[in-house]
Amino acid sequence: MTKSFLRLFAVSLIVLLLNVTCCASVLAASPFGKASVTEASAAIFVSKQAPVMISILNPEKLQSLDKGDNSFLKSDFFKNSGIDFRKDVQPWLGNEVTLAVTSLDFDRDPDNGKSPGYLLAMATKSPEKSREFVQLFFSKRVLAGADLSVEEFAGIKVISDASKGKGTLAGAVVGDKYVLFANDPKVLREAINNAQAPDLSLTSSKKYQDISQISAKSYGAAFLNLPIVAEWLGLKLPIQNFDEQLVTLAPVSKGLLAQTVALPTQELKAPLELLSKPVNALKYIPANVGIAVGSKNLSTLPESNLALFWQQLRSALEIKLNNINDIVQQDFKVEKRWGIDLPKDIFDWVQGEYAIGLISSPQQSPEWVFVTEKAPSTQEGIAKLDAIATKNGLSVTEFNLLDQHIVAWTQLKAANSSKNGTKPSFSIEAKAYGVHTTLDNYEIFTSSLETMYEVLSIKDNTLLENRNFKNCIAALAETNAGYVYIDWAASQGILERQLPVLKLLKVVAKPFFNNLHSLTITNYGDDANSLKGDIFFQLEE
């Protein structure tokens, strides 16, 4: 039992996703989907220094919709315990199940290595039945060979045992509200002490108070102390721009909405420009895109608050991507082939709307589309790119396609089409390394002539007119800084080349990824003291 704590908590964020996601589509269409849920009250047991706390709110409703045996309480905690979840737990289980890593070393003894403390708090709606359950639980442990110990602490009976070869487990019923379990009596005593001395608990943290309000309508929430979480997971954190983060999950129409608030270590910079309507440049991105980005004023992105958060995340996970432009650079080798510095040679002059689309292709590298709204600096920027192409041995060629004036960066070569023994017959072949044109008030760049043809002929089959995309942006805050849209089926190849960890996540969280259609990410808010964002997971109907 106790050994399962480490595995259980190491994947607890994924478990939380799965528990809520498995029921999200049903909840969204049911009265439960509109229910108001209170925030995680069991935070009173968790220390302000705890690395992570994860709460599943209204678990009874989730469990009633989950007909399988794959939920956390059924398959992880009570596995091989002799406990029948529906018979012994469900009758008294209340509206919250909270898990926490309470400390990285609960006994603070450096001589025996680090022993993380783990706490499980379950709300009860029937104190009498929950007390009977705790007695039953430990009775079965004794019958299995455990040595039982009972002590009184702060007026609360703490029961613990040491199962042979399985370590220690402690449990208690606190008042008429909670059932607690921990991997050591010391962890349980500290939890009780936190509740009775409120200035020690997470609820007394000003930062937690400031951001916990967003969990009021969620069915799951995770509070992360980022530096300590990194230490717990054995990750380095050379860049620390944010120190705490709250992530909540709630079912909404056609999917699942995650809201996140990250608190910085110092006052944030000016936020990205907020938009009150969808990015019009997305109307030139084909609907079959794998990844799309749409926003305004690309020149501000490298120094934005969002970039600060990404710097910390990639430094901890040792991701090689600096930002979205690295997907372009790594897949297309733009910098190596042309000597282009994307931030200086492109980003600096993109001051209006912009859109980027990556389209999967049978080849290793995806096709790409880049759209920018014309501004006074646009013509100078395009002329600079034409000059870079010429410097790298490419020809700047002009012609018409579908009655549209096109400029292409091409490389010419002679091809011998003669057969053996015949007189040489040569032709000139041109390979395009980039194509651009002007449509309305936008300049459009593509990676190939074929992709440009697709853009010019898509008519109403654009991402902006796509029903699925409309559903996605409708689930997000109306005023935001733009979108990152990811069609899961169409983008897996692109993402896995850059983020190999996704292959592991697909195995661990297979039910979730099997039902995932797309995810759309945005950030918003002009608060200098927090970075806010939403992620909408669109699920298969």
Side-chain angles (χ1 to χ4, degrees), residues 13-14 17-18 20-26 28-29 70 249 251-258 278-279 282-294 319 321 324 326-328 330-332 355-371 446-448 450-451 454-455 457-476 482-522 534-541:
L13 281 173
I14 296 174
L17 266 175
L18 295 178
V20 182
T21 303
C22 288
C23 305
S25 57
V26 181
N70 295 318
L249 292 167
V252 294
S253 177
K254 303 183 185 302
L256 183 69
L257 181 66
V279 178
L282 291 168
K283 69 180 182 180
Y284 299 107
I285 303 297
N288 65 337
V289 68
I291 302 174
V293 180
I319 298 173
L321 303 179
I324 187 68
D326 275 6
I327 294 179
V328 178
Q330 290 199 21
D331 266 338
F332 314 133
I356 303 170
L358 302 182
I359 305 170
S360 295
S361 68
Q363 292 76 31
Q364 181 71 9
S365 297
E367 298 288 335
W368 53 265
V369 181
F370 174 58
V371 183
T446 65
S447 55
S448 67
E450 291 78 10
T451 303
E454 183 178 359
V455 170
S457 58
I458 53 177
K459 296 183 179 179
D460 295 331
N461 192 25
T462 70
L463 183 63
L464 196 59
E465 297 299 323
N466 182 266
R467 180 175 60 87
N468 288 328
F469 181 71
K470 287 183 176 180
N471 290 337
C472 291
I473 61 176
L476 303 172
Y483 313 102
V484 176
Y485 171 78
I486 300 173
D487 183 304
W488 178 242
S491 67
Q492 288 186 58
I494 300 173
L495 292 173
E496 287 177 3
R497 284 197 297 275
Q498 310 300 339
L499 304 171
V501 70
L502 283 179
K503 295 179 181 179
L504 175 61
L505 289 178
K506 282 170 59 179
V507 174
V508 175
K510 186 176 180 180
F512 172 71
F513 286 107
N514 283 348
N515 291 319
L516 181 62
H517 183 274
S518 68
L519 58 151
T520 308
I521 307 167
T522 189
D534 288 349
I535 305 174
F536 175 62
F537 299 92
Q538 186 183 36
L539 306 177
E540 298 287 357
E541 299 180 5

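Note that these values count all heavy atoms, side chains included, but never hydrogens, waters or copies made by symmetry.
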Measure the [atom1]-[atom2] distance between [X] and [Y] for me, rounded to the nearest 0.5 Å.
{"X": "S360", "Y": "L495", "atom1": "OG", "atom2": "CG", "value": "8.5 Å"}
{"X": "L519", "Y": "I291", "atom1": "CG", "atom2": "CD1", "value": "9.5 Å"}
{"X": "F370", "Y": "S447", "atom1": "CZ", "atom2": "OG", "value": "13.5 Å"}
{"X": "S518", "Y": "K254", "atom1": "OG", "atom2": "NZ", "value": "12.0 Å"}

Which atoms form the tightest heavy-atom contact between [X] and [Y], and what is the distance?
{"X": "A292", "Y": "L463", "answer": "CB-CD2, 3.5 Å"}
{"X": "E465", "Y": "D460", "answer": "CB-O, 3.4 Å"}
{"X": "L282", "Y": "G294", "answer": "CD2-CA, 4.1 Å"}

Q | Set of residues satisfying side-chain contact (heavy atoms from CB on, under 4.5 Å) with respect to P278, sequence neighbours excluded | A |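 By the side-chain contact (heavy atoms from CB on, under 4.5 Å) rule, P278 matches L464, I473.
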Q) What pairs with N461 under side-chain contact (heavy atoms from CB on, under 4.5 Å), at least two apart in sequence or on another chain? A)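 Partners of N461 by the side-chain contact (heavy atoms from CB on, under 4.5 Å) criterion, ordered by chain and then number, come out as A287.
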Q | For T451, side chain to side chain donor-acceptor pair (under 3.5 Å) partners two or more places apart | A |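 T451: side chain to side chain donor-acceptor pair (under 3.5 Å) contacts with E367, S448.
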Q: Quick one: list whatever passes side chain to side chain donor-acceptor pair (under 3.5 Å) with D534, sequence neighbours left out.
A: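 D534 satisfies side chain to side chain donor-acceptor pair (under 3.5 Å) with Y524 once adjacent residues are dropped.
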If we only count heavy atoms from C-beta on, is the [X] to [Y] side-chain gap below 4.5 Å?
{"X": "I285", "Y": "I356", "answer": "no"}
{"X": "P286", "Y": "T462", "answer": "no"}
{"X": "E454", "Y": "T446", "answer": "no"}
{"X": "V455", "Y": "V369", "answer": "yes"}

Run the side-chain donor-acceptor check on residues 484-492: report pairs under 3.5 Å with partners two or more places apart or on a different chain.
| unit_1 | atom_1 | unit_2 | atom_2 | d |
| --- | --- | --- | --- | --- |
| D487 | OD1 | A489 | N | 3.3 |
| D487 | OD1 | A490 | N | 3.1 |
| S491 | OG | D487 | O | 2.7 |
| Q492 | OE1 | K506 | NZ | 2.7 |

Q.
Going by ring pair (Phe, Tyr, Trp, His ring centres under 6.0 Å), name the residues that satisfy it together with F536, two or more places apart in sequence or in a different chain.
A.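 So F536 forms no ring pair (Phe, Tyr, Trp, His ring centres under 6.0 Å) with any residue.
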Q) Which residue, L516, N468, T520, forms the side-chain contact (heavy atoms from CB on, under 4.5 Å) with Q538? A)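 Testing each of L516, N468, T520 against Q538, the sole residue satisfying side-chain contact (heavy atoms from CB on, under 4.5 Å) is N468.
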**Q.** Criterion side-chain contact (heavy atoms from CB on, under 4.5 Å) against L257, the qualifying member of L249, I535, L476
**A.**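 The passing option is L476.
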Q | Sequence-distant partners of E450, salt bridge (Lys or Arg N to Asp or Glu O under 4.0 Å), two or more places apart | A |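 E450 satisfies salt bridge (Lys or Arg N to Asp or Glu O under 4.0 Å) with no other residue.
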